[in-house]
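Have a look at the structure below before the remarks.
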Amino acid sequence: MRAVESRPLSSVKREPQRQRRNFPVRIRYVAALAICAWAFFYFWHAERPRLRQLAAENAKLERQLNSLQAEQRTLQTEKQQLNNPAYIEKYATEHQNLVMPNTVPFDLQSPSKSH
């Protein structure tokens, strides 16, 4: 067996090794922090305005969708009314100036002054 010589703890220098070993870890933290800072800066100045633009466009399209859905409901009710002969007669009389056979048309407008 070998004899292990005992040295005082003050003679062993382990601090420089510990500093060298922690140095790459610190670089990793600094690099990770730099990447996070760059990502935040990029988001704030490049992506955030685009996100706002897309949100405004989305709101505009939502309003347009609601308008078109209301128009679709109106057209659906008008389509259902077109199956009713009384509605067809009323529509033709009011919008096309047509009358049913054996009906006398009346024009109750005031006479025009352009003779």
Side-chain angles (χ1 to χ4, degrees):
M1 285 187 127
R2 282 199 221 164
V4 177
E5 75 180 55
S6 65
R7 292 187 226 160
L9 289 177
S10 62
S11 66
V12 178
K13 294 186 177 181
R14 294 187 180 179
E15 283 300 316
Q17 289 177 352
R18 186 177 290 167
Q19 283 181 346
R20 274 186 252 143
R21 200 170 35 175
N22 287 341
F23 184 70
V25 173
R26 288 181 186 162
I27 289 178
R28 288 182 194 146
Y29 287 138
V30 170
L33 182 63
I35 290 171
C36 289
W38 175 82
F40 177 76
F41 178 79
Y42 179 77
F43 171 77
W44 195 263
H45 291 288
E47 294 299 322
R48 189 167 174 241
R50 179 73 177 137
L51 183 63
R52 285 184 175 175
Q53 178 186 6
L54 289 174
E57 186 177 336
N58 185 34
K60 177 184 170 187
L61 291 174
E62 286 287 335
R63 287 190 302 271
Q64 185 179 4
L65 176 64
N66 291 338
S67 171
L68 289 173
Q69 286 175 341
E71 184 179 351
Q72 181 187 17
R73 286 191 295 272
T74 303
L75 291 173
Q76 287 290 342
T77 57
E78 188 174 339
K79 178 182 171 185
Q80 290 174 352
Q81 289 175 343
L82 286 174
N83 292 329
N84 184 356
Y87 178 79
I88 294 173
E89 179 183 349
K90 179 182 173 188
Y91 185 86
T93 304
E94 291 176 358
H95 297 291
Q96 303 296 323
N97 294 327
L98 299 175
V99 292
M100 293 293 289
N102 301 327
T103 307
V104 178
F106 288 98
D107 187 14
L108 300 177
Q109 296 178 358
S110 61
S112 62
K113 296 181 181 182
S114 59
H115 281 88

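Along the sequence shown, the residues carry numbers beginning at 1.
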Show me the donor-acceptor pairs within less than 3.5 Å that the side chains of residues 46-59 make with the rest of the protein, sequence neighbours left out.
{"residue": "Glu47", "atom": "OE2", "partner": "Tyr42", "partner atom": "OH", "Å": "3.2"}
{"residue": "Arg50", "atom": "NH1", "partner": "Gln53", "partner atom": "OE1", "Å": "3.2"}

Pair up each side-chain donor or acceptor in residues 74-86 with any protein partner under 3.5 Å, not counting sequence neighbours, and list the distances.
{"residue": "Thr74", "atom": "OG1", "partner": "Ala70", "partner atom": "O", "Å": "3.0"}
{"residue": "Thr77", "atom": "OG1", "partner": "Arg73", "partner atom": "O", "Å": "3.4"}
{"residue": "Thr77", "atom": "OG1", "partner": "Thr74", "partner atom": "O", "Å": "2.7"}
{"residue": "Asn84", "atom": "OD1", "partner": "Ala86", "partner atom": "N", "Å": "3.2"}

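Between the Thr93 side chain and the Glu89 main chain, a donor and an acceptor come within less than 3.5 Å of each other.
Contact annotation: the side chain of Leu68 never approaches that of Gln72 to less than 4.5 Å [non-hydrogen atoms, C-beta and beyond].
Members clustered with Leu61: none, using a 4.5 Å side-chain heavy-atom cutoff among hydrophobic residues.
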